[in-house]
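Along the sequence shown, residues carry numbers from 1. Excluded from the calculations below are hydrogen atoms, water molecules and symmetry mates; all remaining heavy atoms, backbone and side chain alike, are included.
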Amino acid sequence: QVHLVQSGGGLVQAGGSLRLSCAAAGRVFGSYIMGWFRQAPGKEREFVGSVDWSGSGANYADSVQGRFIISRDNVKNTLYLQMNNLKPEDTAVYYCAGSRGPTTRTTEIDIWGQGTRVTVSS
């Protein structure tokens with residue numbers, strides 16, 4: 001089993017940038033498709049984006065396409081989320097997640113990070 005520990009996040013002004021990290025303990029990190037979800041206050045958790053096993057292919061939700069970049073380092077067992085041009089509507093708790101196959105559904109996620117809060121002020 002892989003244990004995920006997140007870091008990063010915090011408060012940023014609109015238009016700013018933040019980077020989240022998600023470190024995995026365990027030797028099977030490379031066997032998971034890794035991604036990010038987020039949950040805004042009063043809303044359901046939603047898919048942000050994911051990256052394939054090798055890190056060569058990524059897909060994103062329309063709301064973050066062109067602003068967010070997901071990457072992974074399978075040597076360091078770490079997943080990243082670079083968030084640029086942040087908007088107030090990006091305010092949420094962000095969760096890293098791993099799945100055995102490609103998915104955008106929370107019900108199909110196998111492992112979750114603990115969550116980290118991102119607040120974007122206008």
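For the pair Arg100 and Tyr32, the cation sits on the ring face: its NZ or CZ lies under 6.0 Å from the ring centre, inside 45° of the axis. Geometrically, Arg72 engages Phe29 in a cation-pi contact, judged by NZ or CZ lying under 6.0 Å from the ring centre and within 45° of the ring axis.
Asp90 has its side chain within reach of Arg67: a pair of non-hydrogen atoms, C-beta onward, lies under 4.5 Å apart. Contact of the Arg19 side chain with the Met83 side chain is not registered, since no non-hydrogen atoms from C-beta on lie closer than 4.5 Å. Using a 4.5 Å heavy-atom threshold, the side chains of Tyr80 and Ile70 count as separate.
Remark: Ser54 OG to Asn74 CG distance equals 8.0 Å, nearest 0.5 Å. The line from CG of Leu4 to CD1 of Ile111 is 4.0 Å long, rounded to the nearest 0.5 Å. A distance of 8.5 Å separates CG in Leu81 from OG in Ser71, rounded to the nearest 0.5 Å.
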Test log, rule side-chain contact (heavy atoms from CB on, under 4.5 Å), inputs Thr104 and Glu46 = CA-CA 8 Å; Thr104 62; Glu46 65 176 7; over 6 Å; no
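Checked by atom type, the side-chain pair Asn84/Ser17 shows a donor-acceptor distance below 3.5 Å.
Between Ser56 and Asp52, the closest heavy-atom pair is N-OD1, 3.0 Å. Taking all atoms of both residues into account, the shortest heavy-atom contact from Ala97 to Ile109 is CB-CG2, 3.6 Å. For the pair Gly10 and Leu18, the tightest heavy-atom approach, listed with the atom from each and the gap, is O-CD1, 4.0 Å. Closest non-hydrogen pair, Asn59 versus Ser50, comes out as OD1-OG, 2.7 Å. Closest approach of Val64 and Arg38 over heavy atoms only: CG1-NH1, 3.9 Å. Taking all atoms of both residues into account, the shortest heavy-atom contact from Tyr60 to Ile69 is OH-CA, 3.4 Å.
A continuous path of Ile, Leu, Val, Met, Phe, Trp and Tyr side chains, each step under 4.5 Å between heavy atoms, connects Phe68 with Val12, placing both in one hydrophobic cluster. Cluster annotation: Val51 and Val28 are assigned to the same hydrophobic cluster (Ile/Leu/Val/Met/Phe/Trp/Tyr, side-chain heavy-atom contacts under 4.5 Å, transitive). Under a hydrophobic-cluster definition in which Ile, Leu, Val, Met, Phe, Trp and Tyr are linked whenever side-chain heavy atoms come within less than 4.5 Å, directly or via other members, Ile33 and Val48 are assigned to different clusters.
A side-chain hydrogen bond (donor to acceptor under 3.5 Å, both in side chains) check over residues 107-122, counting only residues at least two apart or in different chains, returns the pairs Thr103-Glu108.
Remark: the backbone N or O of Tyr95 is not paired with any side-chain donor or acceptor of Trp36 at under 3.5 angstrom. Put simply, the side chain of Thr91 gets close to the backbone of Val120: a donor and an acceptor are under 3.5 Å apart. The closest donor-acceptor contact from the side chain of Asp73 to the backbone of Lys76 lies under 3.5 Å. Distance alone, capped at 3.5 Å, is enough to place a donor-acceptor pair between the Gln6 side chain and the Tyr94 backbone.
Relative ring orientation between Phe47 and Phe37 is described as perpendicular, the plane-to-plane angle rising above 60° on a 0-90° scale split at 30° and 60°.
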